[in-house]
Structure formats: structure tokens, C-alpha cells
Amino acid sequence: MRAEYVLRTYNLTKTFGRHRAVDNVSMNVRKGDIYGFIGKNGAGKTTFMKMVAGLANPTQGAIELFGKKEAQTGRKNIGLFQTSELERQRKRIACLIEEPGYYPNMTALDNLEIVRRNLGIAEKDITRKMLDFVKLSDAGQKKVKHFSMGMKQRLGIAVSLIRNPDLLILDEPINGLDPSGIKEIRDLMTELNKERQITILISSHILGELSKIATRYGIIRDGALVEEFNAEALEDRCRRCQKVVVDDTAAAVRILEERLGITGYDVPDAHMVRIFERYDEAEEINKALVMGGIALRESALAGQDLEGYFMELLGGDATE
């Protein structure tokens with residue numbers, strides 16, 4: 001079945017003078033994804049999101065939203081939609097980028113009511129529904145300036161949801177939150193995705209938390225998209241194992257099964273076996289293979305913890 005894409009970019013680039021903040025990024029976000037956009041602070045995540053949301057013009061490249069690609073204008077900024085198409089497609093997007101804007105001396109309900117009126121939404125009860133959904137209905141007459149950071153983030157998400165978007169773009173929504181606040185936002189993202197079928201593009205450098213909800217990942221480093229992969233691929237790459245390179249994989253797996261009772265393995269290519277059981281007994285496994293007549297060309301432990309893997313992709317300390 002052909003994948004349905006909510007967002008695709010083609011060599012999207014943004015320069016500021018000689019600095020390339022975003023460098024030829026071609027991203028693919030499928031319908032139903034929780035797409036984790038991972039990079040260090042300053043890697044280009046926010047600038048990229050602003051271009052997708054229409055808050056910044058690309059220097060070059062193109063954006064496709066919901067299967068509609070913008071016309072190439074031939075101007076310096078060649079990636080711009082025709083105005084009517086731009087407005088039509090971006091009305092299906094909501095975003096929370098950088099610090100959300102509030103009226104600090106007003107309540108959450110009053111803030112939402114102003115947004116509802118500005119958007120021309122006739123359904124008056126939508127504001128209370130949104131507060132219920134983000135669990136702020138008990139905030140009562142408490143002014144937003146007295147909200148915790150987690151409450152402010154949930155209010156920002158409520159503001160984003162009031163137009164019932166198909167794609168929600170969130171820039172570092174869990175940054176600076178305490179563990180309980182992080183869990184609240186994480187649970188909210190899962191509920192939005194599963195129950196409301198909203199596709200989510202969420203940036204973060206808090207890798208452990210993002211890995212609990214993301215279904216697909218994009219890694220950005222120094223403005224360039226290093227790689228895209230799904231959650232299953234991430235789990236496979238980080239899975240600890242003993243990797244052996246041999247001359248005869250069929251004979252090797254017979255030895256593993258019959259002599260060592262090992263059934264947790266796979267054969268990714270014609271000469272490699274990855275052993276997921278008892279990999280801490282590598283010496284015994286190697287000895288059994290050699291005594292069974294197998295030419296053992298290489299044996300090494302593979303896989304690493306999630307943080308280590310992401311740090312390797314990001315090129316150092318992931319939290320810089």
C-alpha cells in the first residue's frame with residue numbers, strides 16, 4: 001500500500017548571510033506519524049518548522065503539504081506556494097513554536113475565547129472542550145501568569161487544537177518541564193495521535209522521552225538531515241547482540257541451535273549471524289562454532305543504548 005504523506009520537503013534550505021541554518025532538507029512525514037525531529041540546540045529544527053508553518057520563507061527548495069506541492073515561481077525564494085494554495089493547505093496545520101503567546105492577566109478560558117473569535121469559529125463550547133481535553137478545566141479563575149510551565153504548554157496545545165488540525169507541529173514542548181509535566185505532555189501527544197488521528201511533528205533533544213512516543217525519526221545535524229528511520233529500525237539498531245561473520249551461516253545456526261540451544265538470532269546477510277541470546281558468553285559461542293568446523297572471520301559485540309546511538313548520529317553530546 002502506497003504511503004500517504006502529510007508533509008514532504010524537497011531540498012529545503014534557509015540561509016542567513018553565509019550561514020546555512022537549514023541545508024537541503026528532504027523530509028517525509030506520513031499520515032499518522034508521531035515524527036520525532038531530533039537535533040542539538042541550534043541544529044536548525046526551529047527554522048525548518050517555521051518554513052513549513054509559513055513563518056519564514058525558504059531560500060530554496062519546495063514544500064508539499066497533504067499531497068499538494070507549491071508552484072515553482074522562478075524567483076530567488078523558489079519554494080513558495082501560490083497564495084491561494086498556501087493558505088488553503090496551511091489552514092490544516094497548527095503549530096506551537098518557541099514561546100506561546102498569551103494574555104498573562106487573563107484566564108485560560110478567556111485566552112481560548114479570544115482565539116476562537118479571531119478564527120471565526122462559531123462553536124462557542126469548543127473552548128471548554130479544549131480545556132477539558134488538555135486537563136485545564138479546573139484552572140478556574142487562575143490567571144495564566146501564575147500557571148506552571150507544564151500548564152502553559154498544555155494551554156498552548158489547546159490553542160493549537162482549536163482549529164482541529166490534521167498536522168500539529170510542536171517545537172521542544174517538553175523542554176524545561178519537570179518529570180510529571182513531561183509525562184502529561186507525552187500522554188497528551190499519544191492521545192491526540194491515537195484518538196484524534198492527528199499527525200504530529202515534534203522536535204526535541206530529550207531523546208529518552210521522545211523515544212517513548214515517536215513512530216518515526218529524523219536526525220538533523222548542522223542544518224542537514226542525516227537520516228530518517230522508523231521506531232522498529234531504531235529498536236533493531238540498538239539491540240545488543242553478538243555479531244559473527246562466518247563462511248557458512250546455515251551450518252553456524254545449526255550449531256547454535258543443536259549444541260547451545262540458542263534460538264534468538266537472525267541472519268541479515270549471507271555471511272553474518274546476529275545472536276541475541278547469551279551474547280555475554282561470546283567466548284563459549286565462538287569455541288562451539290570453531291569446533292564445529294566453522295571459519296570464524298569476525299566476532300564482536302554490537303548494539304548500544306539509545307542515548308549512545310543518538311549521540312553518535314548527532315556528533316557528540318546530544319544535549320548541547
Can a donor-acceptor pair be found, under 3.5 Å and without considering hydrogens, that links the side chain of [X] to the backbone of [Y]?
X: T13; Y: N11; result: yes
X: Q153; Y: P173; result: yes
X: D166; Y: T199; result: no
X: S204; Y: E172; result: no
X: N193; Y: I198; result: yes
X: K45; Y: I38; result: no
X: T9; Y: V25; result: yes

For [X] and [Y], which heavy atoms make the closest approach, and how far apart are they?
X: P58; Y: K14; value: CA-CD, 4.5 Å
X: T15; Y: T59; value: N-OG1, 2.9 Å
X: C95; Y: A53; value: SG-CB, 3.9 Å
X: Q242; Y: S299; value: NE2-OG, 2.8 Å
X: L210; Y: G36; value: CD2-CA, 3.7 Å

Qualifying residue, where the test is salt bridge (Lys or Arg N to Asp or Glu O under 4.0 Å) with E123 and the options are R116, R163, K129 =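 Between E123 and the candidates, salt bridge (Lys or Arg N to Asp or Glu O under 4.0 Å) is satisfied uniquely by K129.
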Who passes salt bridge (charged side-chain N to carboxylate O under 4.0 Å, His left out) against [X], sequence neighbours left out?
X: E283; value: none
X: D171; value: none
X: K50; value: E98
X: E184; value: R154

What residues form a side-chain hydrogen bond (donor to acceptor under 3.5 Å, both in side chains) with R196, not counting sequence neighbours?
->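 None.
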Residues which pass side-chain hydrogen bond (donor to acceptor under 3.5 Å, both in side chains) with K287, listed by chain and number, not counting sequence neighbours =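 K287 satisfies side-chain hydrogen bond (donor to acceptor under 3.5 Å, both in side chains) with no residue once adjacent residues are dropped.
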What's the separation between atom [atom1] in [X] and atom [atom2] in [Y], rounded to the nearest 0.5 Å?
X: I285; Y: I262; atom1: CD1; atom2: CD1; answer: 4.0 Å
X: L301; Y: C241; atom1: CG; atom2: SG; answer: 8.0 Å
X: I294; Y: N286; atom1: CD1; atom2: CG; answer: 12.0 Å
X: I114; Y: M106; atom1: CD1; atom2: CE; answer: 3.5 Å
X: K40; Y: I220; atom1: NZ; atom2: CD1; answer: 12.5 Å

Contacts table for residues 133-150: side-chain donor-acceptor under 3.5 angstrom, sequence neighbours left out:
from : atom 1 : to   : atom 2 : distance (Å)
S137 : OG     : D132 : OD1    : 3.2
K145 : NZ     : N105 : OD1    : 2.9
S148 : OG     : M151 : N      : 3.2

Name all residues meeting the side-chain contact (heavy atoms from CB on, under 4.5 Å) criterion together with D187; count only those two or more places apart in sequence or in a different chain, and write none if there are none.
->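 Counting only residues at least two positions away or on another chain, D187 forms a side-chain contact (heavy atoms from CB on, under 4.5 Å) with K183.
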Partner set under ring pair (Phe, Tyr, Trp, His ring centres under 6.0 Å) for Y217, not counting sequence neighbours =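 Ring pair (Phe, Tyr, Trp, His ring centres under 6.0 Å) list for Y217, sorted by chain: F229, F310.
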Qualifying salt bridge (Lys or Arg N to Asp or Glu O under 4.0 Å) pairs with a residue from residues 25-34, counting only residues at least two apart or across chains |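 Matches after skipping sequence neighbours: none remain.
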Can you tell me which residue pairs pass the salt bridge (Lys or Arg N to Asp or Glu O under 4.0 Å) test with a partner in residues 269-278, sequence neighbours excluded?
->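 As it turns out, the salt bridge (Lys or Arg N to Asp or Glu O under 4.0 Å) pairs with a partner in residues 269-278, which skip direct neighbours, are D236-R274, D266-R274, R278-E281, R278-E284.
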Please report, to 0.1 Å, the donor-acceptor pairs under 3.5 Å made by any side chain of residues 253-260, with sequence neighbours excluded.
from : atom 1 : to   : atom 2 : distance (Å)
E257 : OE2    : Y265 : OH     : 2.4

Are the charged groups of R239 and E235 less than 4.0 angstrom apart, N to O?
->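 Not counted as a salt bridge, because no side-chain N and carboxylate O are separated by less than 4.0 Å.
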Could you point out which residue of I219, V29, N28 forms a side-chain contact (heavy atoms from CB on, under 4.5 Å) with E228?
->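 That would be N28.
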